[in-house]
Amino acid sequence: MNNPSGKETPLVRPTKSFLDRFRRASPASSEKRENTKAAGLRGALSRTSQGLANLLLGAKVIDEALLESLETTLLQADVGVPTTDTIIRQLTTALDRRELRDAEVLRAELRQILIDLLSVCEEPLDLESIPAPAVILVVGVNGVGKTTTIGKLAARLKGQDRSVLLAAGDTFRAAAVEQLQAWGQLHDIPVVAQHGGADSASVIYDALQSAQAKGVDVVIADTAGRLHNKNNLMDELAKVARVAAKRDSTAPHEVLLVLDAATGQNALAQMEQFSNTVGVTGIVLTKLDGTAKGGVIFSLADKYRIPVRYIGVGEASCDLRPFEAEAFVDALLGAGDAL
Amino acid sequence: MAMFENLSDRLGASLKKISGRASLSEANIKDTLREVRMALLEADVSLPVVKDFVEQVKQRALGREVKSSLNPGQQFLKIVETELTAMMGTENQSLNLAVQPPAVILVAGLQGAGKTTSVAKLARYLQEREKKKVMVVSVDIYRPAAIQQLETLAVDVGAVFFPSEVTQTPRAIIDRAMQAAKKQFVDVLIIDTAGRLHVDDQMMTEIVDVHKVANPVETLFVIDAMIGQDAVNTAQAFDRALPLTGILLTKVDGDARGGAALSVRHVTGKPIKFIGVGEKTDALELFYPERIASRILGMGDVLSLIEEVERKVDKEKAQKLAVKVSRGRGFDLEDLRDQLRQMQDMGGMSGLMDKLPGMGNMSQLAQQPGVTNQFGRMEVIIGSMTPSERRNPDSLNGSRKRRITQGSGTTIQDLNRLLKQHKQMGKMMKKMKGKGMRNMMRGLMGNVNSGMPRL
């Protein structure tokens, strides 16, 4: 079986014709492949967009059925019921008002609505305005890709001529410290770590102290994955932030919530709880290189108006990109491929 | 849990349309079906699966006669839940390890689904519950420190760890692990694999190859309970690439509704065998379809509560009370005592609350002595009255009250509170004149569905 994604069934849209593919590699071997990834975001996201593009191009007249299939597509992208309703309602109103009867105009209208929704999220991480060392605390539920994101983010910041220090704050999961250290070694970035089972807050305190002493620009602190409904674990996280503030009253300057693009409506609960605990200031949306569409950020944008700082579109270091609303929506709508 | 309305709440408005009808018809369930559709979508059940399911419920519900003791809304809920449970598979299925040892278990899934943790949990489960000797091996030569993670966990759970290197090929690792497993008379060999995207041809080819070499008796697909609509794509791709024998659903201890469980089950047709319910290595449970069905609907165990009410309410006494009230005679303390007893038969307040959605904390509260004893105390007070006092509470003067409270070891305040509650219930009874106990219960259920039962 060479091509598991190629066979079609009514449930799955064809996913073959994307531009670029992200193949798996260890961080060690990923460097040399980075250049070939130029078409990255659109390549990765185009897979997710076939549905919309096909839908709109095939349609000559705008009718109930077309709107309904549009609704279906949004729902299947995890946009969620309330936000999908809002989008469809806006679209209907716009159509009624202008009496447009053309799929191309509908597409433009939809594009604009989606971009408007996401534009509130387009606010890149601004490290210039933060006095060094800037402290970035990375949080999220288990298995969303926190450590991998930190590895990529560190490489990115280092590439911008910033000195970076990593704090191995995930002291719970087996070999989490080693995983972060492997990233540190790969990019020649120092990692502050203690033994497994150590107090996460103290690791981060240590790291901050060391960063202040050495004049490091950015400290990125890893934390153990935790489910947002576990009170004790959330209290522990609150303590991490509190203890960091003891060293620098303005820390942490950025709290990044890492979300898996495949996450469904539970992302809203995650956002709510992590915000209540440590005041999330930005989101990183990971694993967009699968068929998951990450549509839940439309709900998040709608409800929380939270900046999306980065998106992860592959496993190589360069596959962490700043979020751009227009590019994200265009990739979702399949602009390039379709026209 | 407060974030989620439960299904009965959200169905409230549309269910009212059904209430009072003799049967469920296409016209009167249309809105309700739409609500079911929305509820399932919000629980992250994939859209194609939702469509199939709603159609199925519709077929079942149409023309159904409404049972006397349940209102049509409750009956509709029951159909939804029955269908959902049926779709989830009717019973638990455990692992099939009846082969010549070592029996090989292969786990596969996306990145971050929880494969490595699940391998450790499975190893512990098989060692402790099935007394197997278990060896674990990792063929994840990609993610930094993945092999170390498995090693640490293996040591924790006391399983044999077969070391592998990132420089080896998965095929070579498995060959050597199989030999070692035979030599060491291991019963079960569990193979942990790298997380992979189902659209990554190269990696999917690799796991097909791994499967061929390992020839596992169980191939488990590990999937995160928090996954959204993409569950169908992922599950289908893995199912087509590998002959899956079961599903392991992880992170079920979160507050995701777990609609993915239904999607995955529906598109693969493979049973969910285990669920991961915590970070510790013992947090692995067998999967019971009906529990997840209730959860997807956010209903707690309202349905078994409904069944219990049906079963335990003493129909004869209810009938007697109905006759009595309808003849214009009051609801007296004797009747109140009967009702208290029936409530307690159903497991008392904490028993009731345990079964309600979003009431987890409340039931802990109800176990505090003060609250639990309240029913008991009321019963004791009534027990200290003479039969004529019970029939005619208005006759209670100061000295009678003193006698009763001394006899029951309670205070005048307790007694007055009881009398006040009794009076309120009497008023309620009069309003529902002639309908009696059954409606009382229906009224109670109504309150239950919209939150705290009012007592």
task = With a 4.5 angstrom heavy-atom cut-off, could you sort out which part of A:Q185 is near chain B: side chain, backbone, both or neither?
result = neither
task = Look up atom CD in A:E315 and atom CG in B:D200, then write down how far apart they are to the nearest 0.5 Å.
result = 8.0 Å
request  = Report yes or no: does A:K287 contribute a side-chain atom to a donor-acceptor pair with the main-chain N or O of B:Q111 at less than 3.5 Å?
outcome  = yes
ask   = Who wins among A:V177, A:N229, A:L75, A:T263 for the most heavy-atom pairs under 4.5 Å with chain B?
value = A:N229
message = If I measure from the heavy atoms of chain B, does A:Q270 come under 4.5 Å with its side chain, its backbone, both, or neither?
response = side chain
request  = Please state whether the side chain, the backbone, both or neither of A:V141 comes within less than 4.5 Å of a heavy atom of chain B.
outcome  = side chain
key: Contact check, side chains of A:P82 and B:E42, non-hydrogen atoms, under 4.5 Å   = yes
query = Would you call A:Q76 and B:P48 a side-chain contact if the rule is heavy atoms closer than 4.5 Å?
reply = yes
inquiry  = Testing the 3.5 Å rule here: is there a donor-acceptor pair between the side chains of A:Q179 and B:Q149?
reply    = no
request  = Mind checking the OG1-CD spacing from B:T152 to A:E178? Nearest 0.5 Å is all I need.
outcome  = 6.5 Å
message = Report which part of A:L180 has an atom under 4.5 Å of a heavy atom belonging to chain B: side chain, backbone, both, or neither.
response = neither
Heavy atoms of other groups near A:E68 CD, more than 12 under 6.0 Å = no
inquiry  = What's the separation between atom CE in B:M226 and atom CG in A:D260, rounded to the nearest 0.5 Å?
reply    = 8.5 Å
inquiry  = Please identify, among A:G225, A:G80, A:A262, the residue contributing the most non-hydrogen atom pairs under 4.5 Å to chain B.
reply    = A:A262
ask   = Strictly by modelled atom types, are A:N142 and B:E279 linked by a side-chain donor-acceptor pair under 3.5 Å?
value = yes
request  = Give, for atom CG of B:L47 and atom OG1 of A:T72, the distance between the pair rounded to the nearest 0.5 Å.
outcome  = 5.5 Å
message = Can a donor-acceptor pair be found, under 3.5 Å and without considering hydrogens, that links the side chain of B:N233 to the backbone of A:T291?
response = no
query = Side chain, backbone, both or neither: which part of B:D230 has a heavy atom under 4.5 Å from chain A?
reply = both
ask   = Any luck finding a side-chain donor-acceptor pair between B:D255 and A:N266 under 3.5 Å?
value = yes
key: A:Q265 to B:L41 - nearest heavy-atom pair and separation   = CG-O, 4.4 Å
message = Is any side-chain heavy atom of A:V296 closer than 4.5 Å to one of B:Q229?
response = no
